[in-house]
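Computed from a prediction, not measured in an experiment: that's the story for all the values here.
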Amino acid sequence: QVQLADSGGGLVQAGGSLRLSCVASGRTFSLNVMGWFRQVPGKEREFVAAINWSGGSTTYADTVKGRFTISKDNAKNTVFLQMNTLTPEDTAVYYCAAKSGNYPSRRDYEYVYWGQGTQVTVAS
């Protein structure tokens, strides 16, 4: 089994920044891709960004490209999501997720393990 612990959410003013973290534990050798998704109540879960553990390749949603950066610390089994120039439209619960394979997919159904979520609220 794999456990994902995501954290770092909070309340921030528009234009501000936050950094989310996701620590993976357990049978992490089975994982090769980590992703971030977000969800607003009443809406579908939305892809944000993903990264390949070994090669470091990344994918981003168009809505966050240029503002958000996903990165990793292999030694600490931790993935980060640096979020800059936040807008109220970024308000959501953010979830980290993990899967095997190589491609940093945008498809949430490909991800097997999920964190508990961390709330990000951006005030206007």
In the single-linkage hydrophobic clustering (I, L, V, M, F, W, Y; side-chain heavy atoms under 4.5 Å), do [X] and [Y] co-cluster?
X      : Y     : result
Val120 : Leu11 : no
Tyr113 : Trp36 : yes
Tyr95  : Met83 : no

[X] vs [Y] side-chain heavy atoms within contact, under 4.5 Å:
X      : Y      : result
Thr91  : Arg38  : no
Asp108 : Phe47  : no
Met34  : Leu4   : yes
Val33  : Tyr111 : yes
Leu20  : Phe80  : no
Asn102 : Asn52  : yes
Thr69  : Leu81  : no
Thr118 : Val93  : no

Flag, side chain of [X] to backbone of [Y], donor-acceptor distance under 3.5 Å:
X      : Y     : value
Thr78  : Lys76 : yes
Arg67  : Thr85 : yes
Arg106 : Tyr60 : yes
Asn74  : Trp53 : yes

Closest heavy-atom pair and its distance - Ser105, Lys99
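Smallest heavy-atom distance, with atoms named: CB-CE, 4.2 Å.
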
Heavy-atom closest pair, residues Gly56 and Lys72
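Scanning both residues completely, I find the closest heavy atoms to be CA-CE, 3.7 Å.
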
Ignoring hydrogens and angles, state whether a donor on the side chain of Asn32 or Ser100 is under 3.5 Å from an acceptor on the partner side chain.
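Distance-only check fails for Asn32 and Ser100.
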
Evaluate the side-chain contact (heavy atoms from CB on, under 4.5 Å) criterion for residues Ser25 and Asn77: first the C-alpha distance (whole Å), next the side-chain angles of each, then the deciding distance (0.1 Å), finally the verdict.
CA-CA 7 Å; Ser25 60; Asn77 285 342; over 6 Å; no

Inter-residue atom distance [X].[atom1] - [Y].[atom2], 0.5 Å rounding:
X      : Y      : atom1 : atom2 : result
Lys65  : Thr59  : NZ    : OG1   : 8.5 Å
Tyr103 : Ser57  : OH    : OG    : 8.0 Å
Asp6   : Gln116 : CG    : CD    : 4.0 Å
Thr87  : Gln13  : OG1   : CD    : 13.0 Å
Gln39  : Glu46  : CD    : CD    : 10.0 Å

For Phe37 and Trp114, take the angle between the two ring planes, folded into 0 to 90°, and tell me which bin it lands in: parallel under 30, tilted 30 to 60, perpendicular over 60.
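Rings of Phe37 and Trp114: tilted, as their planes differ by 30° to 60°.
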
I'd like to know whether Asn84 forms a side-chain contact (heavy atoms from CB on, under 4.5 Å) with Phe68, so could you lay out the CA-CA distance, the side-chain angles of the two residues, the decisive distance to 0.1 Å, and finally the verdict.
CA-CA 6 Å; Asn84 298 329; Phe68 292 11; 5.9 Å; no

Option among Leu86, Val48, Ile70 that satisfies the side-chain contact (heavy atoms from CB on, under 4.5 Å) test with Val64:
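With Val64 as partner, Leu86, Val48, Ile70 yield a single side-chain contact (heavy atoms from CB on, under 4.5 Å), made by Val48.
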
